[in-house]
Amino acid sequence: MQSPAEIVSHAGGVTGVSWLMIALPLFGAAVLLLGGRRTNAWGHFFGVAMSLGAFAVAVVTFVELLGLQPEQRRRDIGLFEFIPGMVDLGMLIDPLSISFALLITGVGSLIHIYSVGYMSHDRDRRRFFAYLNLFVAAMLLLVLSDNYIGLFIGWEGVGLASYLLIGFWQHKPSAATAAQKAFIVNRVGDFGLLIGIFTIWTTFGSLAFADLTHEVAGQASEGTLTAIGLLLLLGACGKSAQLPLQSWLLDAMEGPTPVSALIHAATMVTAGVYLVVRSGAFFEAAPTAQLVVTIVGVATLLAGAIIGCAKDDIKKGLAGSTMSQIGYMMLGAGLGPAGYAFAIGHLITHGFFKANMFLGAGSVMHAMNDEVDMRRYGALFPVMKITAVTFIVGYLAIIGFPLLSGYYTKEGIIETAMHHNQILGWLAVLGAGLTGFYMSRMVFMTFFGKKRWADDAHPHESPAVMTWPLIILAIGSIGLGAFLVLGNRFMNFLSPAVGLPQPADMPEPHVFGVGTAALATLALVAAGAAFAWFRYGAAEVPAVAPRASFLTTFARRDLYGDALNEALLMRPGQWLTRIAVFFDNRGVDGLVNGLAAGIGGTSGRLRRVQTGFVRSYALSILFGAAAVVGALLYVGNI
Amino acid sequence: MPWLSILMAVPVLGAVGVALLPKGSDKLAKQLALAVSLVVLALTVAMAVQFSPDGNRFQFEEKYAWIPSFGVHYGVAVDGIALVLIALSAVLVPIVILASWHDAEGATRLDLKSEVVPPKRSAKTYFALLLVLEAMMIGVFAATDIFLFYVFFEAMLIPMYFMIGSYGGVQRSYAAVKFLLYSLFGGLLMLVAVIALYVVAEKDTFMFPELIGAIQDPTTQKWLFAGFFIAFAIKAPLWPFHTWLPDAAAQAPAGAAVLLVGVLDKVGTYGMLRFCLELFPEASKFFTPLVIVLSVVGIVYGAIVAIGQTDMKRLIAYTSISHFGFIAMGVFAMTQNAQSGATLYMVNHGFSTGALFLLAGFLIYRRGSARIADYGGVQSVAPLLAGAFLIAGLSGLSLPGLSSFVSEFMVLIGTYERYAVPAIIGATGVILAAVYILWMYKRTMNGPTAEAVKGFTDLDGREKWVVAPLIAVIIALGFFPKPVLDVINPAVDQTLTNAQVTDKQPVSTVAEKKGAGQ
C-alpha cells in the first residue's frame with residue numbers, strides 16, 4: 001500500500017491564483033444580487049462568463065499540476081488567518097480536489113448555458129443565475145479547502161444555494177416547504193459533521209488536512225477513529241441523501257430542472273462521497289466505520305432503485321436513481337483505496353450522464369408545458385430527436401451498457417465490493433438489475449409507445465442553447481469511463497491524494513476482461529430492460545396510474561420515509577413544542593406572576609402599586625445608596 | 001486624553017440638547033440625536049485604533065476618588081472584552097436611531113392599528129432617552145470600580161423602563177414593570193454582594209484590579225458568587241430567569257428591543273466573565289456544573305419554545321434566550337476557545353439579533369401586527385426586505401460565512417474540549433435554529449401573497465441605510481473575524497489566568513509537533 005503524498009506549500013504559477021476559481025463566481029453572484037434590475041439584460045451572460053472563467057482557471061491549474069512529478073502534486077495555498085490559533089483558510093490543489101473542480105466548473109458551465117434557454121421566460125432569471133454562481137463558488141470552496149472549517153463553510157454554502165434554488169419558485173407553498181425540509185434535514189447531518197470536527201480538533205489539535213495524515217490518525221485509539229468516522233458519515237448522509245437522511249432529495253425536485261441536474265445530481269449531492277474519501281486517514285484505520293459506510297451505501301442503492309421503479313414523475317424517477325447511484329459511490333468509498341478511484345470515477349461519469357438525463361428531462365418538460373408525468377408522454381422520439389438520442393445515451397451509460405461510461409466505473413465498484421464481501425457484491429448486482437428495469441421503463445414511457453399527450457401539448461425540439469450542452473454531456477457519457485478506468489489511469493492519477501491499494505485488496509483481472517460479477521450484472525440488467533419493454537414498451541401504458549399493489553405503493557410513497565419522519569420526529573416535535581410553550585406561559589411565568597400576586601393581593605392592584613413605586617425609582621436608588629453608605633459607616637467604625 | 005469620559009459625556013450632553021429643544025421640533029431632535037450618536041461612533045473608532053492588544057490589559061485608564069471615605073472611585077478603563085462591547089453599542093445606537101425614525105410617533109402605513117397604541121411621551125424624549133442609555137451602556141462596560149459598575153447597572157434600567165413603558169405595545173406597562181422588578185431584584189442581591197465584598201476583602205477599595213484574589217475563603221466566595229451571579233443570570237437572562245425578556249422585547253419598540261437584547265442583556269454575560277470568574281475563581285469552579293446545565297437547558301428550551309411562538313418579536317426574544325445559553329456555556333467552559341467565542345458571540349449576537357428585530361420592526365410598521373399568521377408572500381412584493389430578513393435570519397441560525405457561525409463554533413468546540421456531552425446537546429441547537437428561523441421565514445415571506453401584504457412597499461432609502469451596515473458587518477466578520485479576535489484573545493488569556501485555569505491539551509502529537517516547530 002502506498003500512502004498519499006505529503007502536502008507541500010506552493011509558490012508561483014497559475015496555481016497560486018487558483019483562488020480565482022472561487023472568487024469569480026462569488027463576484028458574479030454579488031454583482032447580480034446587488035446590481036438589481038439594472039443587470040437584468042445581461043445578467044445571465046455575466047453569470048455564464050463567471051462560471052466559464054472558473055472553468056478556465058481550473059483547466060490551467062490542472063495542466064500545471066500534470067506538469068509536476070506525481071509525488072509533488074499536492075500543493076497548499078495559504079490564504080489568510082481565520083480563527084487565530086485554530087485554523088487558517090487555504091486551498092489544497094491535489095488530484096482529488098482538481099477532479100472535482102473540473103467536474104463542478106465544466107458541467108456547471110454547461111448547465112449555466114442550458115439555463116439561458118431554459119429560464120428565458122422567467123422574470124427572475126437574473127436571480128437564478130446569481131444563485132447558480134453562488135452555488136458554484138460554495139461548492140468549489142467545499143472541495144478546494146485545505147481544512148475542515150473551510151470545507152464546512154462550503155458545505156453549508158451549497159446547502160444555502162440548494163435551499164434558495166429548491167425554493168426558487170417560492171410563491172408555490174410546495175416549493176417553499178421542500179426547500180425548508182432540505183435545509184433542516186441537512187442540518188441533522190451537519191450536526192454530525194460538526195461533532196466529528198470537534199472530535200478531530202480535540203484529538204489531534206489541528207483541522208488542516210496537511211496535519212491529519214495516516215501516521216497521525218494512527219496514534220488515536222480505534223474507538224475514537226470509529227466515532228469520527230461515523231460522525232462524518234452522518235454529515236455525508238445528509239448532504240448525499242443516503243439512508244436515513246434521504247427524504248429531502250425527492251422533494252427537492254420542486255426546483256427548476258437545471259438545479260436538479262447541477263446540484264441534486266451532478267455535484268452537491270456527491271459531497272458526502274468526497275468527505276469520506278478526503279477523510280480516508282480516519283476511515284482506513286476504523287474498519288467498523290468503513291463497514292457502516294458500505295452498508296449505508298448498499299441500503300441506499302437498493303432503496304433508491306426501488307423508489308425509482310414506481311415513480312411516474314420523470315424528475316422523481318431520476319431523483320430515486322440519483323440516490324441509488326450515490327449509494328454505489330458510497331459503497332466504493334467504504335472499500336478503502338481499492339474503491340476510491342471507482343467511487344470518484346463513477347461520481348464523475350455519473351455527473352455527466354445524470355446531468356445529461358436531467359437536462360434531457362427538462363427539455364422534454366419544456367416541450368410538454370412543464371408536464372412531468374410520464375404517463376402523459378409517449379412517442380416523443382420522432383419530435384425531439386436530439387433530446388431523445390442524448391437521453392438514450394445517458395440511459396445506456398447508467399444501466400452499464402458495455403463500453404459506455406457507467407459500465408466501467410460501476411462495474412469497478414461492483415467487482416471490488418464482490419472481492420471484499422460477497423453479500424455486498426451480490427446486493428450491488430441486484431441494484432444494477434433494478435436500474436436496468438426502471439431506467440428502461442422511463443425511456444419507453446417517454447420516447448416510445450403511444451402518444452398520451454395532453455390536448456394542448458405541441459412538443460418540439462428545444463433551441464440550440466439547450467441541445468448543445470446535451471450533446472457535449474452525451475459525448476462524456478460515452479467515452480469518459482473507458483478513458484478513466486482503462487489502464488488504471490484514474491487510480492494512478494488520484495494516488496498522490498488518496499494512496500494506492502494493496503494488490504490483495506484489488507479484484508484479480510479476468511482473462512477475457514469479464515468476470516462472473518460482470519456477466520451476472522449484464523444478465524440482470526438485460527432481464528430488467530426486457531421486463532420493462534413488456535410492461536411499458538410493448539404494452540399500452542394507462543394515462544392514469546392504476547391501483548397499485550402493496551409493494552408498488554410502498555415504493556411510490558418513498559418507502560414510507562416521510563411517514564416515518566412524521567411519526568417519529570415531526571409529531572412528537574410538535575407536541576414537545578406545544579407543551580414547552582404552555583409550560584413557559586403557565587408554569588415558569590405563571591409561578592412568578594402568581595407569587596407576585598400572592599404577595600400584593602390581586603395582580604392588577606399590584607401593577608398599580610408597582611407603577612407608583614417605579615415612578616419614584618430614582619428616589620429608591622438614592623435610598624439604596626444611602627443604605628450602602630450607612631452600612632459602610634457602620635463597618636468602618638468597627 | 002480621557003477617551004472614555006468623553007465617550008460618556010458626548011451622548012449625555014446630546015441628550016440634554018435634544019431635551020431642551022422646543023416642543024414640536026421632533027424632526028430636529030432626530031437629526032441631532034443621529035448626529036450625536038455618529039460623533040460617539042467616530043470617537044469610539046478613534047479610540048479603538050489606539051488600543052494595543054499586546055499592551056497592558058486595561059488601557060485608557062482614568063481614576064478619580066469619588067467617595068474617598070469608602071474607597072469608591074470613578075474608575076474607568078477597557079480591556080479587549082470591554083472595548084468590543086463598547087464598540088458594539090456605538091455601532092448599534094446610530095443604526096437604531098435611524099431605524100426608529102417613525103417608531104416614537106406610533107405611525108403605521110396601513111390603517112390596521114389593532115396592536116399599535118399611541119406613545120405616552122413625545123418623540124423628542126424618546127431620542128433623548130436613547131442617548132442617555134448610550135452613555136450608560138458605555139459606562140457599564142468601562143467601569144473598573146465595582147461600585148461604579150453597580151450604579152450604571154441599575155441606572156441603565158431607567159431609560160429602558162421609560163422606552164418600553166411609554167412607547168411600547170398594548171401591554172407595555174405590564175412588560176415594563178415586569179422588566180424592572182426582575183432587574184431590581186437581581187440588582188439588590190448584587191448590591192448586598194458588592195458591600196460584602198468590600199467588607200470581607202478589607203482592601204478599602206472597590207477597584208476591580210485590586211480586588212482580584214482578595215477573597216480566598218471558599219465559602220465566602222460561594223456566597224458572593226451567588227449574589228453576583230443571580231443578578232447577571234436575570235440580566236442575561238439564563239433559564240429559568242428568562243420570562244421577563246419575551247414580554248419586554250415584544251412590547252418594546254423595535255429599536256429599544258435591539259438595545260435591550262443586543263447590549264443591555266450582554267451586561268449579564270459580561271459580568272459573569274469579568275466579575276464572577278476573576279473575583280471568585282474557586283466558587284466559579286464549584287458552580288460550573290450547575291451553570292453549564294442551566295445553559296444547555298436554556299439553549300434547547302429557548303429554541304423549542306421559539307419554534308412554537310406566533311409573534312415575531314417574541315420568537316426572536318426566545319431565540320436570544322437560546323443564544324444566551326451558548327454565551328454562558330462558553331464563559332463557564334473555561335477554555336480559551338470557548339471564552340473568546342463567547343465574547344465574540346456577544347458582539348455578533350448584537351448585530352444579528354439587532355438586524356432581525358429591526359427588520360421585524362419594518363414589517364410591523366407596514367402591517368400593524370407582529371403576528372406571524374398576518375403575513376405571507378412578502379418576498380413577491382418586497383424582495384429586498386425579504387432578502388435582508390433572510391440574511392439576518394441565517395445569521396441567527398449561525399450559517400457559516402456569517403459572523404455568528406464563528407462565535408458559535410468557537411463556543412461549541414471550546415466547550416467540547418472540556419465538557420463533551422453538554423457541547424453535543426448544545427449543538428442540537430444548530431438543528432432547532434434552522435427550524436425556528438426557516439419556518440418563520442416561510443410563513444411570513446413565502447407562499448401566495450396575503451391580501452393585507454399586497455400593498456407593501458420595499459425598503460426605502462432610510463431603511464436601506466439601516467440594514468446595509470448591519471449586513472456588511474455580519475458578512476465581513478463572518479469571513480474575517482481576526483481583527484476582533486486579536487483584541488479579545490489577550491483579555492481572555494488574562495481572565496483565564498485570574499480564574500486559575502489552564503487550557504486542555506489535545507492527546508495527539510500534531511500540536512506538539514507544531515509547538516516544537518515554532
Side-chain angles (χ1 to χ4, degrees), chain A residues 33 80-86 149 152-153 155-157 160 163 167 170-173 176-177 180 183-184 187-188 190-191 194-195 197-199 201-206 211-212 216 219-220 576-578 580-581 584 588-589 592 596 607 610-611 614 617-618 621 624 628-629 631-632 635-636, chain B residues 67 69-70 154-155 157-158 161 173-174 177 180-181 191 195 198-199 240 243 301 304-305 307-309 336-337 377 379-380 394 399-401 406 410 412-413 416-417 423-424 427-428 430-431 434-435 438-439 442 445-449 480-482 485-486 489 505-511 514:
Chain A
L33 285 176
F80 58 87
E81 208 176 352
F82 185 56
I83 299 178
M86 191 190 295
I149 304 260
F152 190 70
I153 297 176
W155 187 270
E156 295 276 284
L160 170 66
Y163 167 80
Q170 47 81 26
H171 49 88
K172 279 164 61 186
T177 306
Q180 179 186 262
F183 197 100
I184 292 169
R187 275 256 150 165
V188 177
D190 298 345
F191 166 79
L194 265 181
I195 309 284
I197 293 174
F198 297 165
T199 313
W201 168 254
T202 48
T203 312
F204 303 108
S206 173
D211 292 333
L212 300 168
V216 168
Q219 290 162 1
L576 184 65
T577 309
R578 274 180 215 153
V581 171
D584 201 62
V588 182
D589 205 22
V592 175
R607 211 168 299 152
Q610 285 158 354
T611 313
V614 162
Y617 181 63
I621 283 209
V628 178
V629 175
L632 293 177
V635 173
Chain B
I67 313 175
S69 44
F70 307 112
E154 293 284 52
L157 302 176
I158 302 167
Y161 168 77
S173 302
Y174 169 74
V177 170
L180 198 65
L181 284 184
L191 179 61
I195 297 166
Y198 174 84
V199 173
T243 57
Y301 181 92
I304 290 177
V305 179
I307 294 170
Q309 294 305 308
Q336 172 84 40
N337 281 325
Q379 194 181 325
S380 300
L394 292 172
L399 188 83
V406 180
M410 288 178 76
L412 284 172
I413 206 168
Y416 191 81
E417 288 168 18
I424 292 172
T428 57
V430 167
I431 305 169
V435 178
L438 294 183
W439 197 34
K442 190 183 86 170
M445 300 293 166
N446 291 341
T449 306
F480 202 53
K482 182 176 150 58
L485 282 171
D486 280 345
N489 278 336
Q505 292 302 317
V507 294
S508 135
T509 53
V510 176
K514 279 200 325 199

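The figures here come from the full heavy-atom set of this structure, side chains too, leaving out hydrogens, waters and symmetry mates. Chain A is the first sequence line, chain B the second, and so forth, proteins listed ahead of strands; every chain is numbered from 1.
Scored by the ring pair (Phe, Tyr, Trp, His ring centres under 6.0 Å) test, Phe198(A) finds Phe409(B), Tyr416(B) as partners (sequence neighbours excluded).
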| task | Decide side chain to side chain contact (heavy atoms under 4.5 Å, CB included) for Asn446(B) and Gln180(A); before the verdict, give the C-alpha distance in whole Å, the side-chain angles of both, and the deciding distance to 0.1 Å. | result | CA-CA 11 Å; Asn446(B) 291 341; Gln180(A) 179 186 262; over 6 Å; no
| request: Take Tyr198(B) and Phe70(B) through the ring-ring contact (aromatic ring centres under 6.0 Å, His included) test and state the conclusion after the steps. | output: CA-CA 9 Å; Tyr198(B) 174 84; Phe70(B) 307 112; 7.1 Å; no
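Pairing each heavy atom of Ile304(B) with each of Ala580(A), the nearest pair is CG2-CB, 3.8 Å. Residues Pro481(B) and Val406(B) share a closest heavy-atom pair of CG-CG1, 3.8 Å.
At a 4.5 Å heavy-atom cutoff, the contact between Ile149(A) and chain B is made by side-chain atoms alone. Heavy atoms of Leu399(B) lying under 4.5 Å from chain A belong to its backbone as well as its side chain. Contacts between Ala220(A) and chain B at a heavy-atom distance below 4.5 Å are absent for every atom of the residue. Interface residue Leu394(B): only side-chain heavy atoms are found under 4.5 Å from chain A. Proximity to chain A (any heavy atom under 4.5 Å) is shown, for Thr449(B), by neither the backbone nor the side chain. Only the side chain of Lys442(B) comes within less than 4.5 Å of a heavy atom of chain A; its backbone N, CA, C and O stay farther away. Using a 4.5 Å cut-off between heavy atoms, Phe152(A) contacts chain B through both its backbone and its side chain. Contacts of Phe82(A) with chain B are made by both backbone and side-chain atoms, with heavy-atom separations under 4.5 Å.
The distance from the CD atom of Glu81(A) to the CG atom of Leu485(B) is 9.5 Å, given to the nearest 0.5 Å.
Among the candidates Leu194(A), Leu576(A), Thr199(A), the residue making the largest number of heavy-atom pairs closer than 4.5 Å to chain B is Thr199(A).
Side-chain contact of Gln170(A) with Ser380(B): a donor-acceptor pair under 3.5 Å is present, judged by distance alone.
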